[in-house]
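We name chains A, B, ... by the order of the sequence lines, and we start the count at 1 in each one. Scope of the values below: all heavy atoms of this structure, side chains included, with no hydrogens, waters or symmetry mates.
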Number of protein chains: 2
Amino acid sequence: MGISERKEREKEEMKKLILDTSIKLFMRDSYEKVSIRQIAKEIEYSPATIYLYFKNKDDIFYELHKIGFEKLKEKMLQVTISIENPLERLREIGKAYINFGFENPEFYNLMFITKAPMRKIKECKKWNCGFDAFNSLLQVVQACVDAKEFESENIEATSIAFWSSCHGLVSLVLRDRFLMFPEDKLNKLIRDTTNFILKMKPA
Amino acid sequence: MGISERKEREKEEMKKLILDTSIKLFMRDSYEKVSIRQIAKEIEYSPATIYLYFKNKDDIFYELHKIGFEKLKEKMLQVTISIENPLERLREIGKAYINFGFENPEFYNLMFITKAPMRKIKECKKWNCGFDAFNSLLQVVQACVDAKEFESENIEATSIAFWSSCHGLVSLVLRDRFLMFPEDKLNKLIRDTTNFILKMKPA
DNA sequence: CCAACTGCTAAACAGTGTTCAGTAACTTAA
DNA sequence: TTAAGTTACTGAACACTGTTTAGCAGTTGG
């Protein structure tokens with residue numbers, strides 16, 4: 001049965017080609033601006049061919065969003081394994097998360113801002129990527145509480161609060177909501193805010 | 001010169017009609033889904049007519065975003081004037097902001113998430129709506145520091161951190177990033193997180 | 001050798017934002 | 001009152017978008 005195996009392999013390669021090309025276009029223009037026709041042109045196939053490998057546009061960007069989570073996870077691991085103190089670890093995770101957002105704005109967009117991949121996810125009713133990432137955060141927050149770094153009545157709420165603070169900053173920056181500050185002072189302001197957020201504690 | 005005055009008035013009325021109709025459609029569907037053609041059909045004019053009153057779609061949603069800020073400002077005022085203690089006032093402002101987001105998701109979307117109105121604003125280089133709103137926050141944070149409720153080396157950074165925390169929570173909810181939590185527990189979780197965020201303090 | 005299946009595409013459908021030539025009605029001045 | 005000028009509006013077009021479908025070559029299996 002070598003033929004059907006080869007065909008299976010070719011199908012996977014085509015899927016990968018479409019995905020890789022999508023990423024390439026996607027690094028320049030945002031999700032909304034990358035069209036199926038553009039992707040098709042880039043890989044020199046007709047637009048209809050793409051629909052033989054992916055159900056629709058959201059499906060493509062759901063796969064891309066998964067790749068983004070792998071990138072983030074990798075970055076997180078690098079940071080997490082080296083630090084013993086749980087509070088220090090939590091802060092480094094926050095820093096890594098924020099930096100990931102600034103360094104990969106379009107991936108971040110897909111993972112945490114855009115509606116697109118969630119439409120696909122809503123069908124399955126569960127957001128596994130988000131669940132895994134949130135779980136590692138939960139563990140670190142739990143470790144902080146165990147080490148009496150701070151108190152928490154509801155660890156999930158505490159974790160979401162930490163996540164929200166980091167996400168809030170990143171998404172406000174990515175969506176140009178700091179246009180009221182002079183450009184030359186903005187970078188320092190973002191750095192100061194990042195440090196401030198990472199040092200906040202429950203009252 | 002009664003005629004030119006009447007024409008001026010009619011022009012303003014037409015603008016208002018387009019804007020009101022846009023809001024109406026916009027309360028049901030989000031920015032992306034409301035089309036110029038839909039608005040035109042609703043007011044029983046041709047799509048081209050709308051371009052005699054607004055430069056483009058972004059221009060309409062820039063105006064809508066301003067209306068959103070008026071709504072928010074009103075809500076803020078109701079809360080702010082009645083509270084003496086600055087820390088209490090800050091927390092009530094946060095609560096009002098978060099509730100505004102949950103109660104007016106599409107306005108919130110336009111004001112703080114979507115790119116659309118910022119394209120228009122980037123031309124003018126300054127985001128006045130955001131500037132005004134942020135300034136009132138700045139004042140309250142300053143009042144907190146003056147009353148020694150907490151310390152701050154950089155009041156702007158502290159204010160942005162507070163804003164980020166609130167915005168982070170609202171935008172994660174509005175963009176369906178809590179799909180990993182069971183629906184029946186989500187509301188309590190959001191309430192707990194809100195309370196947690198509003199009680200956070202600088203370390 | 002022929003039937004079946006596969007991979008692919010041209011073309012179409014229904015929609016989008018936006019522009020522009022042209023029309024019809026209203027206003028102004030002689 | 002009439003002719004000229006101005007204004008308000010629109011039909012149709014342009015260049016896009018995501019998605020579907022009928023059909024066409026080429027490969028595969030009996």
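Taking side-chain N and O atoms only, A/Tyr53 has a distance below 4.0 Å to OP1 or OP2 of C/dC8. Dashed line: the shortest gap from a side-chain N or O of A/Thr49 to OP1 or OP2 of C/dT9 is under 4.0 Å. Proximity of A/Tyr45 to the phosphate of C/dT9: no side-chain N or O atom is located under 4.0 Å from OP1 or OP2.
Taking the six-membered ring for Trp, B/Trp127 and B/Phe134 have ring centres at least 6.0 Å apart. Aromatic rings of B/Phe69 and B/His65 (six-membered ring for Trp) have centroids within the 6.0 Å cut-off, being under it.
Rounding to whole angstrom units, CZ of residue A/Phe54 and P of C/dG7 are separated by 15 Å. The distance between atom CD of B/Glu10 and atom P of C/dT27, rounded to the nearest whole Å, is 9 Å. The CD1-C1' distance, from A/Ile50 to C/dT9, rounds to 13 Å in whole Å. Going from atom CG of B/Asp29 over to atom C1' of C/dG15 covers 14 Å, rounded to whole Å. Atom NZ of A/Lys11 and atom C1' of C/dT6 are 9 Å apart (whole Å). One atom, CD of B/Glu13, and another, P of D/dA8, lie 13 Å apart when rounded to the nearest Å.
Between the side chains of B/Gln142 and B/Asp146, a donor-acceptor pair is found at a separation under 3.5 Å.
Side-chain atoms of A/Tyr62 and A/Arg119, non-hydrogen and from C-beta on, never get closer than 4.5 Å to each other.
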Determine, for nucleotides 15-27 of chain D in 5'-to-3' order, which nucleotides have protein heavy atoms under 4.0 Å from the base (write B), from only the sugar-phosphate (write S), or from neither (write -).
-> --BBBBB------
Candidate pair B/Lys188 and B/Asp192, rule salt bridge (Lys or Arg N to Asp or Glu O under 4.0 Å), full reasoning | CA-CA 6 Å; B/Lys188 190 191 176 300; B/Asp192 285 358; 2.7 Å; yes
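Ring planes of A/Tyr108 and A/Phe112: tilted class, angle from 30 to 60°.
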